[in-house]
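I have placed the structure first, in the form of C-alpha cells, so that the comments after it can refer back to it.
Within every chain, numbering begins at 1; the chains are lettered A, B, ... in the order of the sequence lines, protein sequences first and strands thereafter. Source: prediction; values computed, not measured.
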Amino acid sequence: MILREPVESVVRREVGCTVTVCGWIRTARLSRTVAFAAINDGSCAQNLQVVFDRERFTDDSLSGLLTGACIKVLGEIVSSPGQEQAKELHATSLEIIGPVDDAYPLQKKRHSLEFLRSMTHLRPRTNTFASVFRVRHHLCLAIHRFFDDDGFYYIQPPLITSSDCEGAGETFQVTALPLTQVPLKDGAVDFSRDFFRMPAFLSVSAQLEAEPLALALGKVYTFGPTFRADPSDTRTHVAEFWMIEPEMAFFDLEDTMNLIERFMKHCVRYVAERCPDEVAFFQKHYEPGLTERYRTILESEFERITYTEAVETLASSGARFETVPRWGEDFSSEHQRYLAGEVFGKPVFVTDFPASIKPFYMRVNADGTTVAGVDLFAPVVGELVGGSQREERLAHLGRRAQEAGIDMETYRWYLELRRWGSAPHSGFGLGFDRMLMYLTGMENIRDVIPYPRAFGKMY
RNA sequence: UCCCCGAUAGCUCAAUCGGCAGAGCGGGUGGCUGUUAACCACUAGGCUGUAGGUUCAAGUCCUACUCGGGGAGCCA
C-alpha cells in the first residue's frame, strides 16, 4: 500500500506534522542554499510548495526536479516565510517516482487550449483542466442531490433504441452486421438478420422513454449520455454529451419553469460553495464576469415572456440582426443572446411557441396555434434548457403525430399512455456540458469533456 | 455543409514595400539573497503545414489540398 496524504488535506495540517505527499511538479527553482518545487496532486486547486535544503540534498538528487515529474516527498509542515502560501513542506526525503525528459510538452506557462486539445491524456495535469473536471464532478452531484431532495427518482433509460426521437437530430445506427458483407433482401439491408432483428440506434433523447416512468413514479429524471450524428462543427456541439431530462406528472408549464429556476439556482449555489478556488481561477483567467454571472442567477428572478412578446421585443429593439426575427420562425442564436444579454441581462424563459416549429408531443394551447413549450435563454451562451408540457389528450396527440408524419405503429405505446390513465405532465432537457461551460466560462464544449467526440474528430 | 481567419524553433508569437530566419518561455551549461510562470549569462534548436505557380529573389503574392480556430445553419 502506498501511503500518502492528498494536498487538499495537507494544506490544512498544523505546523510540525510529518506527512508524505505524492504529486506532479508544476514548477521548480534551484538556488545555492535551497530549492523549491510546487507540486499538485489534483486533489484541489492549490499547489504545495516543497522546500529542499541543499545541504541535505545533493545536486544530483535534485536534478530530477523538472516540470511534469511525479515525486514522492516526506517532510514536515512548516510555516512559510513566502508571501504566496501560509504553509509549506520542508522535505526530509525525495523519491522521483516518474521522471520526465525534455520532450514533456507541458511547460510552466500558458498553453493554448487548442494545443492542449491535441493531448487529452496530459491536459488534466493543467490547472485549467483539473479545475474543469473537479467542477464537473461537483456539478454531477449537485444535480443528483437536487432531484433526490425534491422527491425525484433517478431512472436509466436505454441507450440503444429502436426509433429516432422526432426532431432531435441525426442518429448513429447500431449494428452487429458485418459491414463488408451486409445481408440483403430485395435490394435493401435485411435487418431481420441484425442483432435485434430490426434497425437500432443510439438514443438522441430519453424523453419518450422517461414519460411512462413519470406517469407511474410521479417525478423522475435521467442523467446520462446522448448521441447525435449531426455534422455540427461548432464550439457548442459534440457527438456524445450528457443530458439531464426530468419528467414530472401533474406539472404544467408554470410548475416546470419554477422547477427549472430552482434547479439552476441550486446548481450555481452548490458549485459556488464547493469550488470557490476553481470559480476564482476561472474568473481570473477565463471569464471576468463569472462571479457576476453567478450573482445574477442567484439573486434575480428569471424573466418570463411569451414567444410572441419576444418576437415583438426583438423587432422593435432597433438592433440589427443578420436574420430578421419573424413570427413563425425559430430564434437564431443571436436573437437568444440579445434577449437574455441585452434586453434583460439575466436568464429569460420564452414560452408558447408556434406549433409549427415545435415537436408533436408539446401540448397545444387553447389558441390552437401555439404550444406549451419553454426555452431558457441565458446571456452569452444562449439556449440552456428546452422543455414543454406534454400533450396528454389522445385526440390532440394523434392529430399532431399524424401531421408530423409519425409512424403510429412505432409510437403506439406512446399513444397508449394517453389512452389509459393519462395525466398532465411536463419535462425538460438540459445539456450538462453546456451548463458546465456556463459555470466555468470555458467557451468550447470540447474543453469541458475529458475525451470529446465531435464531428470528424475523436480526441 | 457554407462563410471568414490562421499554420514560422518543443510552446507562445514577431519578421515594415517581396530583399540575410528573430524573441520570450522550455531544454542544456554556469552563476545567484527564500523562490513564487524566480532572476542573470552562455548554448543547442528551422525543408516557415503539403504540392504547384509568379519573380533576379517568396515566411511574405497566386492556385489547390491538409490541418486548426471562429461564425452560420441544425441542435443540447
Side-chain angles (χ1 to χ4, degrees), chain A residues 25-38 46-54 59 63 65-68 78-85 88 90 100-119 126-127 165 167-170 204-207 225-245 285 321-323 329-337 357-359 375-378 381-387 428-438 443-447 449 454-457 459:
Chain A
I25 297 177
R26 287 297 168 75
T27 165
R29 297 170 289 280
L30 278 70
S31 64
R32 177 171 286 274
T33 59
V34 71
F36 301 95
Q46 275 174 274
N47 292 340
L48 177 69
Q49 171 156 282
V50 183
V51 186
F52 299 92
D53 190 334
R54 298 197 72 174
D59 289 4
S63 65
L65 286 187
L66 297 171
T67 301
V78 299
S79 65
S80 176
Q83 296 300 303
E84 310 244 329
Q85 62 280 315
E88 61 192 17
H90 201 101
V100 288
D101 56 44
D102 59 14
Y104 183 65
L106 300 182
Q107 300 169 12
K108 50 183 171 191
K109 63 162 207 165
R110 260 189 83 134
H111 289 287
S112 69
L113 295 172
E114 294 80 12
F115 171 68
L116 294 169
R117 248 170 249 161
S118 72
M119 44 189 84
T126 64
N127 292 331
C165 182
E170 298 296 315
V204 293
S205 166
Q207 181 204 318
T226 294
F227 307 90
R228 303 270 170 100
D230 299 305
S232 303
D233 196 5
T234 82
R235 64 188 182 84
T236 52
H237 288 85
V238 277
E240 177 181 328
F241 62 97
W242 280 52
M243 245 199 324
I244 303 141
E245 295 185 278
H285 296 287
F321 298 109
E322 263 181 52
T323 351
E329 279 169 31
D330 223 336
F331 297 120
S332 67
S333 42
E334 58 170 347
H335 298 150
Q336 301 170 1
R337 283 193 294 266
I357 60 171
K358 290 293 183 185
D375 284 352
L376 179 68
F377 300 136
V381 294
E383 184 176 344
L384 268 185
V385 182
F428 65 89
L430 189 156
F432 172 75
D433 313 273
R434 284 188 184 172
M435 187 176 188
L436 189 56
M437 291 169 70
Y438 193 54
E443 292 185 340
N444 194 309
I445 197 167
R446 295 168 199 192
D447 296 330
I449 298 173
F455 179 56
K457 287 185 205 84
Y459 288 90

Give each protein N/O atom lying under 3.5 Å from an N/O atom of nucleotides 28-35 of chain B, with the pair distance.
residue, atom, partner, partner atom, Å
B:rC32, OP1, A:Arg32, NH2, 3.1
B:rC32, OP2, A:Arg32, NE, 3.4
B:rC32, OP2, A:Arg32, NH2, 2.2
B:rU33, OP2, A:Arg32, NE, 3.4
B:rG34, OP2, A:Thr33, OG1, 3.3
B:rG34, N1, A:Glu88, OE2, 2.7
B:rG34, N2, A:Glu88, OE1, 2.5
B:rG34, N2, A:Glu88, OE2, 2.6
B:rU35, O2', A:Arg29, NE, 2.7
B:rU35, O2, A:Arg29, NE, 2.8
B:rU35, O2, A:Arg29, NH2, 2.6
B:rU35, O2, A:Gln49, OE1, 3.3
B:rU35, N3, A:Gln49, OE1, 3.0
B:rU35, N3, A:Gln49, NE2, 2.9
B:rU35, O4, A:Gln49, NE2, 2.7
B:rU35, O4, A:Gln85, NE2, 3.3

*Can you check each nucleotide of nucleotides 3-13 of chain B against protein heavy atoms at under 4.0 Å and return B for base, S for sugar-phosphate only, - for none, in 5' to 3' order?*
-------BBS-
*asked:* Could you work out, with salt bridge (charged side-chain N to carboxylate O under 4.0 Å, His left out) as the rule, every residue matching A:Glu329, not counting sequence neighbours?
replied: A:Arg326
*Starting at the 5' end of RNA chain B, which residue's closest nucleotide do you reach first, A:Tyr459 or A:Thr234?*
A:Tyr459
*Could you state the CZ-C1' distance from A:Arg26 to B:rA38, rounded to the nearest angstrom?*
18 Å
*Which value, rounded to the nearest 0.5 Å, describes the distance between A:Glu114 atom CD and A:Arg446 atom CZ?*
10.5 Å
_A:Ser333 side-chain N/O to B:rA72 phosphate OP1/OP2 under 4.0 Å_ = yes
*If we take the C1' atom in both B:rA21 and B:rA58, what is their distance in whole Å?*
13 Å
*Would you say the side chains of A:Thr234 and A:Ser232 form a donor-acceptor pair under 3.5 Å?*
no
*Distance check: side-chain N/O of A:Arg337 vs OP1/OP2 of B:rA72, anything under 4.0 Å?*
yes
*Name all residues meeting the salt bridge (charged side-chain N to carboxylate O under 4.0 Å, His left out) criterion together with A:Arg54; count only those two or more places apart in sequence or in a different chain, and write none if there are none.*
A:Asp59
*What distance separates A:Asp375 CG from A:Phe331 CZ, expressed to the nearest 0.5 Å?*
8.5 Å
*List in chain and number order the residues that pass salt bridge (charged side-chain N to carboxylate O under 4.0 Å, His left out) with A:Arg337, two or more places apart in sequence or in another chain; answer none if no residue qualifies.*
none
All N/O pairs under 3.5 Å across the protein-nucleotides 42-46 of chain B interface:
none

*Rounded to whole angstrom, note down the P distance from B:rG59 over to B:rA51.*
14 Å
*With rounding to whole Å, what would you report as the distance between B:rG24 and B:rC20 at their C1' atoms?*
22 Å
*CZ of A:Phe331 versus P of B:rC74: gap in Å, rounded?*
13 Å
*How long is the line joining CZ of A:Phe455 and P of B:rU1, in whole Å?*
5 Å
*Span that lies between the C1' atom of B:rC75 and that of B:rA14, in whole angstrom*: 41 Å
*Length of the line joining A:Phe321:CZ and B:rA72:C1', which is rounded to integer Å*: 16 Å
*Given atom CD of A:Glu443 and atom P of B:rG70, what is their separation to the nearest angstrom?*
9 Å
*A:Lys108 NZ to B:rU36 P: how many Å, rounded?*
11 Å
*Separation between CD of A:Glu334 and OG1 of A:Thr323, rounded to the nearest 0.5 Å*: 4.5 Å
*Should A:Asn444 be listed as having a side-chain N or O under 4.0 Å from OP1 or OP2 of B:rG70?*
yes
*Look up atom OG in A:Ser205 and atom CZ in A:Arg228, then write down how far apart they are to the nearest 0.5 Å.*
6.5 Å
*Closer to the 5' end of RNA chain B via nearest nucleotide, is it A:Gly456 or A:Ser332?*
A:Gly456
_Taking only the P atom of each, what is the distance from B:rG19 to B:rU60 in whole angstrom?_
11 Å
*Please give, in whole Å, the distance from B:rG26 P to A:Asp101 CG?*
17 Å
*Taking CZ from A:Arg446 and C1' from B:rG68, how many angstroms apart are they, rounded to a whole number?*
10 Å
